[in-house]
Amino acid sequence: MNCHDETCITCSDEAVAVTVVRLLERDLALVDTGRGREVVSVALVETEPGDTVLVHAKEAIAVVREVRQ
């Protein structure tokens, strides 16, 4: 594994918000981390390109929805 920063979405012990760039085969997605792009699993969430998802250990665990007031 190649971690280029102090923390990454694979090694960190927290969920990180990323943007879905493209859905791939086998419940995977290409995401933009703000520092680069990575492939993560989206098997646990329903998402589409442009969505923001929370990722922990390369697994999307929630879709972030805007709260409208």
Side-chain angles (χ1 to χ4, degrees):
M1 175 178 343
N2 296 328
C3 294
H4 303 288
D5 296 313
E6 290 182 25
T7 61
C8 71
I9 64 175
T10 300
C11 304
S12 70
D13 194 25
E14 61 186 36
V16 177
V18 300
T19 303
V20 177
V21 175
R22 183 174 69 235
L23 296 177
L24 306 171
E25 295 178 350
R26 299 191 319 234
D27 291 326
L28 298 174
L30 179 65
V31 299
D32 184 343
T33 68
R35 296 184 208 163
R37 293 186 172 185
E38 294 189 31
V39 174
V40 301
S41 169
V42 290
L44 301 178
V45 298
E46 290 187 30
T47 188
E48 58 187 52
D51 284 348
T52 299
V53 295
L54 294 179
V55 173
H56 176 68
K58 288 215 181 254
E59 183 73 50
I61 57 173
V63 179
V64 178
R65 303 283 185 216
E66 284 186 43
V67 177
R68 297 183 185 178
Q69 298 180 11

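Note that the structure is a prediction, hence the values are computed from the model and not measured.
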Write down the atom of [X], the atom of [Y], and the distance for their closest heavy-atom approach.
| X | Y | answer |
| --- | --- | --- |
| A29 | V20 | CB-CG1, 4.2 Å |
| V40 | V31 | CG2-CG1, 3.7 Å |
| E38 | K58 | OE1-NZ, 3.1 Å |

Tell me whether V64 is reachable from I61 by hopping between hydrophobic residues (I, L, V, M, F, W, Y) whose side-chain heavy atoms are closer than 4.5 Å.
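Yes, I61 connects to V64 through the hydrophobic network.
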Can you tell me which residue among L30, V53, D32 is in a side chain to side chain contact (heavy atoms under 4.5 Å, CB included) with V18?
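The side chain to side chain contact (heavy atoms under 4.5 Å, CB included) with V18 is passed solely by V53 among L30, V53, D32.
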Anything under 3.5 Å between a donor and an acceptor, one on a side chain of residues 42-52, the other on a protein residue two or more places apart or in another chain? List them.
unit_1 : atom_1 : unit_2 : atom_2 : d
T47    : OG1    : D51    : OD2    : 3.0
D51    : OD2    : E48    : N      : 3.0

Kindly state each residue pair satisfying side-chain hydrogen bond (donor to acceptor under 3.5 Å, both in side chains) with at least one member in residues 16-31, sequence neighbours excluded.
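Listed once each, the pairs would be none.
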